[in-house]
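Here it is, the structure in full.
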There are 2 protein chains.
Amino acid sequence: MNTSSFITNIKKTVNLNEEEEKYIESVFVPLRVKQGEFVEHSGEITRYFIYVQSGCLMTYFTDRDAFDHVAQFATAGWWTGDLHSITKGVPSIYSTRALADSEVLLLPKNSQEELLNKYPQMERYFRILYQNALVTHLHRIIQGHAAAADERYISFREKYPSLEQYVPLKYIASYLGITPEFLSKIRRRLMENR
Amino acid sequence: MNTSSFITNIKKTVNLNEEEEKYIESVFVPLRVKQGEFVEHSGEITRYFIYVQSGCLMTYFTDRDAFDHVAQFATAGWWTGDLHSITKGVPSIYSTRALADSEVLLLPKNSQEELLNKYPQMERYFRILYQNALVTHLHRIIQGHAAAADERYISFREKYPSLEQYVPLKYIASYLGITPEFLSKIRRRLMENR
DNA sequence: ACTATTTCTTAACCTAGTTCAAGATACTTT
DNA sequence: AAAGTATCTTGAACTAGGTTAAGAAATAGT
């Protein structure tokens, strides 16, 4: 498995010379996961930042009634994992699992720290990554309050059309904060009205 | 108005020498706002990162039915504003207003860029700031899906006890994603059960 | 191809949270 | 202190979305 797609991704944000590329590539741990397999388990301390090369992962929270709540999906070019657990060294409340056979690159916590110390561009890369994620998250919060479920579903489909091929509807429902049954109703209404 | 509280805040995360402190202090624009006054208006391109020295601000989104939805509160030591608008140069969908007489420090977009280029520590400071905010935001999303309104209210009070002095209940309701009337009912139930 | 398991849908009934409208408490301003 | 404005509460009627349970359709395993 080669890591060049990741380097390409970084270079969209910051510049890297040959030596930097080499080093960065060297610290990632490539991993293949089959559909259904876990990359991280809740309850354990997260050790890796997870970058998706291909396939699709989901990160989710399981509540005390054993209901799963999808925090985020991640397809090629996305990062996922539990930032809180890895940075603070506390057990994670999220699990990360493959929704399809996937190739991921694991960046161990220590290696990330090294990268940040060694290459200021990497500090910038992550700053911008987090900055963009923050905008998206806040938008999701507000839309959760301001828009009805059907609107949220419609904009989800517009925003992430590629996810439909990987993600079962029940997880999309979970991501949107509704039940699969209600999503079914919404989908039917949308079909009937056109 | 002095800016030293801000420097103290940065120094909790990264180190600064005398020269750096001086320069950083020099690029901030201090501003006093009275209760009810706006710091940023939706529809305009955000020009400043907003740091709160004292008092309390709220940033909110107004939907097409003219309902306000509180995105976040900010008291002393917090940043607020619309990251999307300022970084992408697009009109903001959020407004920021003072809930009490407040002292804020405005960091113009250009000055932030300069700081980031000049001092790698500042890149790190913002990376960590965003990283922490991301954790909080994701938690808020998940709690919005996994917890009922009364639980969300209780954990809000535990997490931000200091906000109760500044923030009218109707805005707390908005932040939690419920109506003021329903928050009233929740509060009553909580009173009766003890 | 056959079976088992998971996912998706439907329908009847239920509830957390909303809407509307009115009254009660605060908080300002003069 | 009075009057005006904004906030908070209450209650009755309502609705978006949840629950339960069962069947249909798709996937996966053998």
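Throughout, a chain's letter reflects where its sequence line sits, starting with A, and its residues are numbered from 1. Below, each value reflects all heavy atoms present in this structure, side chains not excepted, and no hydrogens, waters or symmetry copies. As the structure is a prediction and not an experimental result, all values here were calculated from the model.
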Exercise. Anything under 4.0 Å to a heavy atom of chain A counts; send over the first and last such nucleotide of DNA chain D, read 5' to 3'.
Key: D/dG17 to D/dA28

Quiz prompt | B/Arg124 versus A/Asn117, side-chain donor and acceptor atoms under 3.5 Å | solution = yes

Quiz item: Do A/Phe156 and A/Tyr160 have ring centroids that are under 6.0 Å from one another?
Solution: yes

Quiz prompt | Side-chain H-bond candidate by donor/acceptor type, A/Ser92 with A/Ser85, under 3.5 Å | solution = no

Self-check item: Residue pair B/Thr59 / B/Gln72, side-chain donor-acceptor N/O under 3.5 Å
Solution: no

Practice problem: Residues of residues 178-186 of chain B with any non-hydrogen atom less than 4.0 angstrom from an atom of DNA chain C: list those, numerically ordered, please. | Solution: B/Ile178, B/Thr179, B/Glu181, B/Phe182, B/Lys185

Practice problem: Determine to 10° how strongly the helix from C/dA1-D/dT30 to C/dT30-D/dA1 is bent, judged from the axes of its five-pair ends. | Solution: 60°

Quiz prompt | Nearest-Å distance for atom pair CZ/C1', residues B/Arg189 and C/dT15 | solution = 11 Å

Practice problem: State whether A/Lys109 and A/Glu113 are salt-bridged, where the test is any N-O pair (Lys NZ or Arg NE/NH1/NH2 against Asp/Glu carboxylate O) under 4.0 Å. | Solution: yes

Quiz item: Using 4.0 Å as the upper bound for N to carboxylate O, is an ion pair formed by B/Arg188 and B/Glu192?
Solution: yes

Exercise. Starting from the C-alpha separation in whole Å, work towards a yes-or-no answer on side-chain contact (heavy atoms from CB on, under 4.5 Å) for B/Ser42 and B/Ile93.
Key: CA-CA 5 Å; B/Ser42 70; B/Ile93 61 170; 5.7 Å; no

Practice problem: May I have the distance from A/Leu169 (atom CG) to C/dT10 (atom P), rounded to whole angstrom? | Solution: 12 Å

Exercise. Answer with base, sugar-phosphate or nothing: what part of the nucleic acid does B/Gly36 contact at a heavy-atom distance below 4.0 Å?
Key: nothing

Quiz item: With a 3.5 Å cut-off and no angle check, do the side chains of A/Asn17 and A/Tyr119 form a donor-acceptor pair?
Solution: no

Quiz item: Rounded to whole angstroms, how far apart are NE2 on A/His145 and C1' on C/dG17?
Solution: 13 Å

Exercise. Kindly point out which of C/dG17, C/dT10, C/dC8 is positioned nearest to the side chain of B/Ala149?
Key: C/dG17

Practice problem: Could you go through the side-chain contact (heavy atoms from CB on, under 4.5 Å) check for A/Phe49 and A/Ile86 one step at a time? | Solution: CA-CA 8 Å; A/Phe49 295 84; A/Ile86 196 165; 3.4 Å; yes

Quiz item: Between A/Glu151 and B/Arg64, is there a side-chain N and carboxylate O pair less than 4.0 Å apart?
Solution: yes

Quiz item: Going through the checks in order, is the side-chain contact (heavy atoms from CB on, under 4.5 Å) test met by A/Phe73 and A/Tyr171?
Solution: CA-CA 9 Å; A/Phe73 301 113; A/Tyr171 296 133; 4.0 Å; yes

Quiz item: What is the distance, rounded to the nearest whole Å, between atom OH of B/Tyr166 and atom C1' of C/dC27?
Solution: 18 Å

